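One structure is given here, and the rest of the page talks about it.
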Protein chains: 2
Amino acid sequence: MNIAIAGAGGWGTALAVLLKDNGHNVTLWGHDPAHLARIEDTHKNEEYLPGITISGAIDLSPDLEETCAAADLVVVAVPSKAFRDVSSRLAFFDGTIVSVTKGIEYMTGLTMCGILAETCPRACHASLSGPTLALEVARGMPSAIVAASRDISTAQRVQHAFHCSTLRVYTCSDLLGVELGGALKNVIAIGAGVCDGLGFGDNSKAALLTRAIVEIRRLGVACGAQGETFSGLSGLGDLTVTCFSRLSRNRAMGERLGKGEKLSQIQASTLTVAEGCPTARSAYHLARKLSVTTPIIDEVYRMLHEDKDVKVAVRDLMSRDSKSETAS
Amino acid sequence: MNIAIAGAGGWGTALAVLLKDNGHNVTLWGHDPAHLARIEDTHKNEEYLPGITISGAIDLSPDLEETCAAADLVVVAVPSKAFRDVSSRLAFFDGTIVSVTKGIEYMTGLTMCGILAETCPRACHASLSGPTLALEVARGMPSAIVAASRDISTAQRVQHAFHCSTLRVYTCSDLLGVELGGALKNVIAIGAGVCDGLGFGDNSKAALLTRAIVEIRRLGVACGAQGETFSGLSGLGDLTVTCFSRLSRNRAMGERLGKGEKLSQIQASTLTVAEGCPTARSAYHLARKLSVTTPIIDEVYRMLHEDKDVKVAVRDLMSRDSKSETAS
């Protein structure tokens with residue numbers, strides 16, 4: 001299969017390596033020609049995926065439209081804030097587009113495949129999401145992921161393209177649930193990182209995660225997703241790895257917040273994007289709009305976007321008076 | 001309140017410290033007078049709870065019956081294999097007994113409160129379970145836990161006794177679900193440790209955990225528990241912390257198995273009990289009896305009790321052919 005990958009960050013590059021190993025013709029597009037030239041010269045993408053060798057058999061291209069016109073399947077792996085712009089340039093495309101970007105557009109409340117429905121109406125849409133730290137996938141560590149599409153044959157096509165001995169690909173028809181699980185978990189991971197930064201332990205994070213999956217499910221169901229999806233790989237699975245792994249960007253950002261750094265300082269010093277930051281804003285407003293109670297998302301939003309003191313935010317969260325476990 | 005704690009291991013000792021701080025009169029019983037004497041002399045329990053100072057205001061006693069006769073509330077914190085023996089000696093007790101032991105009796109398939117119903121019929125029974133590594137609770141790190149009892153006033157009495165600024169206690173009426181979640185998660189944690197020992201990453205563990213909670217729920221529901229309980233602190237929460245924390249005994253045992261050590265070697269070199277080992281045997285047989293599919297529990301059982309090669313067990317587990325995420 002001819003596969004184009006739009007986005008030469010860590011995840012796009014890791015998937016390029018995997019898809020090439022799976023026997024596909026792979027072209028990797030990036031918006032920065034200088035970055036592509038460094039990959040071409042060094043066979044590495046040290047900024048985003050350190051230590052991984054990138055086969056010379058992966059083509060590199062600075063021309064998005066040309067690259068995708070020649071592809072059967074396009075993987076969009078750009079930050080959520082660039083997703084509408086990039087996908088708008090693929091309006092002509094009538095193959096399969098797989099979003100591996102996790103976010104919620106602020107102005108519209110749309111997930112990435114919601115944006116694709118507007119920008120690429122001729123294509124089949126799918127999302128690939130799950131507990132898959134890019135570096136571990138690139139290192140061939142056993143991982144599992146979900147290919148979601150409203151159209152089961154599209155999900156199966158994606159499954160077939162990506163499945164290999166180290167990456168088990170499951171299918172799911174609840175596209176919205178898979179996308180919301182993947183997006184919302186990044187918000188919670190920032191909260192988990194704050195706990196780390198404040199010196200709390202694993203007990204605290206496990207309690208946070210347990211309460212968080214309840215509110216993720218509640219918000220997701222209010223948006224129209226199926227509740228059980230959030231117990232799957234893209235909900236619970238991804239939430240777990242993002243909250244506990246040292247490799248998670250969102251957790252790491254939260255840890256720095258917890259240690260007292262300001263958001264502006266953190267953002268100025270990191271190349272990679274912590275998607276939980278814009279998603280917190282989108283999710284907070286979505287919850288207001290749908291009248292859904294989301295105490296953890298709300299406090300992460302306030303820490304990030306209203307400059308609320310992290311200790312006060314955590315105290316406010318912990319002092320909420322719920323006595324029975326099943327009570328919301 | 002006069003509280004007796006039966007069992008001077010790590011968790012019993014940590015709870016003694018917490019309950020004393022909560023203003024109760026606390027007596028700690030242990031079966032080994034020499035161990036109690038060391039605690040008395042050093043104000044530490046270095047074998048089981050290193051680095052924590054134990055107030056001299058906590059009474060130490062080698063006499064179980066006398067200690068419990070004077071108590072309003074008894075906490076049983078002995079290994080599951082000693083639970084029936086110890087609780088049988090408290091048949092006279094008509095106050096509240098809280099089990100903090102996590103296990104399933106092999107011969108009967110009973111949880112610890114199931115045993116209490118036989119051994120201590122005059123008492124009110126409750127279980128306290130959740131993502132609470134003993135050392136973190138003793139260090140005052142924020143934690144959350146569930147007090148479960150079929151009788152809500154018993155659960156609330158336990159909640160009131162244990163609740164403090166660093167330990168949030170929720171109540172739950174699904175006693176069986178809380179107990180099974182706490183017991184079965186130890187089996188999975190051994191599997192997670194095996195993944196660590198084999199050099200897998202966090203992606204693998206997150207996928208394992210996500211699939212595991214499905215089979216824990218399935219087995220629990222077949223036993224008569226409520227499905228949603230397993231999404232709570234004693235199910236998902238405890239599973240998470242046990243699979244990811246460096247401090248988990250069961251995970252640590254699995255890691256050594258994954259690195260090639262034999263069970264007998266591991267057991268000979270550790271003082272603490274990894275409850276997942278006997279629980280794997282009980283759960284495996286319970287699943288057969290109830291005709292429940294439990295692929296992860298089965299492979300952990302075979303590694304532990306049938307000397308199955310860990311790499312073969314992991315390969316067998318990963319090659320199971322399920323394509324859709326919601327399929328069992």
Side-chain angles (χ1 to χ4, degrees), chain A residues 130-133 135-137 139 141-146 148 156 159 165 168-174 178 195 199-207 209-211 213-214 217 228-229 231-248 314 318 322-327, chain B residues 130-133 135-137 139 141-146 148 152 156 159 165 168-174 195 199-207 209-211 213-214 217 228-229 231-248 314 318 322-327:
Chain A
T132 45
L133 295 160
L135 204 53
E136 292 193 358
V137 170
R139 286 176 181 158
M141 288 174 170
S143 305
I145 201 165
V146 179
Q156 287 168 342
Q159 177 183 47
S165 65
R168 280 177 72 77
V169 184
Y170 294 85
T171 59
C172 178
S173 60
D174 182 16
V178 164
C195 290
F200 296 173
D202 292 325
N203 290 355
S204 311
K205 277 208 288 191
L209 185 150
T210 307
R211 305 304 292 174
I213 197 71
V214 177
R217 184 182 292 115
E228 68 178 27
T229 305
S231 299
L233 290 166
S234 179
L236 175 59
D238 205 357
L239 179 65
T240 307
V241 82
T242 316
C243 288
F244 277 90
S245 181
R246 306 303 302 173
L247 293 173
S248 159
V314 168
M318 293 186 64
S322 61
K323 293 287 176 82
S324 166
E325 204 190 5
T326 46
Chain B
T132 43
L133 296 160
L135 204 52
E136 293 193 356
V137 171
R139 286 175 182 158
M141 287 175 170
S143 305
I145 201 164
V146 179
I152 189 64
Q156 287 168 341
Q159 178 182 47
S165 65
R168 280 176 72 76
V169 184
Y170 293 85
T171 59
C172 178
S173 60
D174 182 16
C195 290
F200 296 172
D202 291 326
N203 290 354
S204 312
K205 277 207 290 190
L209 185 152
T210 307
R211 306 302 293 174
I213 196 74
V214 177
R217 184 182 293 115
E228 68 178 28
T229 304
S231 299
L233 290 167
S234 180
L236 175 58
D238 206 357
L239 179 65
T240 306
V241 82
T242 317
C243 287
F244 277 90
S245 181
R246 306 303 303 174
L247 293 173
S248 159
V314 168
M318 292 186 65
S322 63
K323 292 289 175 84
S324 165
E325 204 190 4
T326 45

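The figures here come from the full heavy-atom set of this structure, side chains too, leaving out hydrogens, waters and symmetry mates. Lettering follows sequence order; numbering is per chain, from 1. Fair warning: this is a prediction, and the values are worked out from it, not measured in the lab.
When G130(B), G201(B), S173(B) are compared by the number of non-hydrogen pairs under 4.5 Å with chain A, G201(B) comes out ahead. For chain B, the option among G235(A), A207(A), S204(A) with the highest count of heavy-atom pairs below 4.5 Å is S204(A). The greatest number of non-hydrogen atom pairs below 4.5 Å with chain B, out of A144(A), A148(A), G237(A), C243(A), is found for G237(A).
Interface remark: V137(A) contributes backbone and side-chain atoms alike to the contact with chain B (heavy atom separation under 4.5 Å). The parts of L236(A) that come within reach of chain B are both its backbone and its side chain, each placing non-hydrogen atoms under 4.5 angstrom from that chain.
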Show your working on side-chain contact (heavy atoms from CB on, under 4.5 Å) between L133(B) and D202(A) and close with a plain yes or no. CA-CA 8 Å; L133(B) 296 160; D202(A) 292 325; 4.1 Å; yes
Quick one, E136(A) with T132(A), criterion side-chain contact (heavy atoms from CB on, under 4.5 Å). Give me CA distance, side-chain angles, the key distance, then yes/no. CA-CA 7 Å; E136(A) 292 193 358; T132(A) 45; over 6 Å; no
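Side-chain atoms of T171(A) never come within 3.5 Å of backbone atoms of V169(A) as a donor-acceptor pair (strictly under, hydrogens ignored). In this structure, S234(A) contributes its side chain and G232(A) its backbone to no donor-acceptor pair below 3.5 Å.
Using a 4.5 Å heavy-atom cutoff, the side chains of P142(A) and R168(A) are not in contact.
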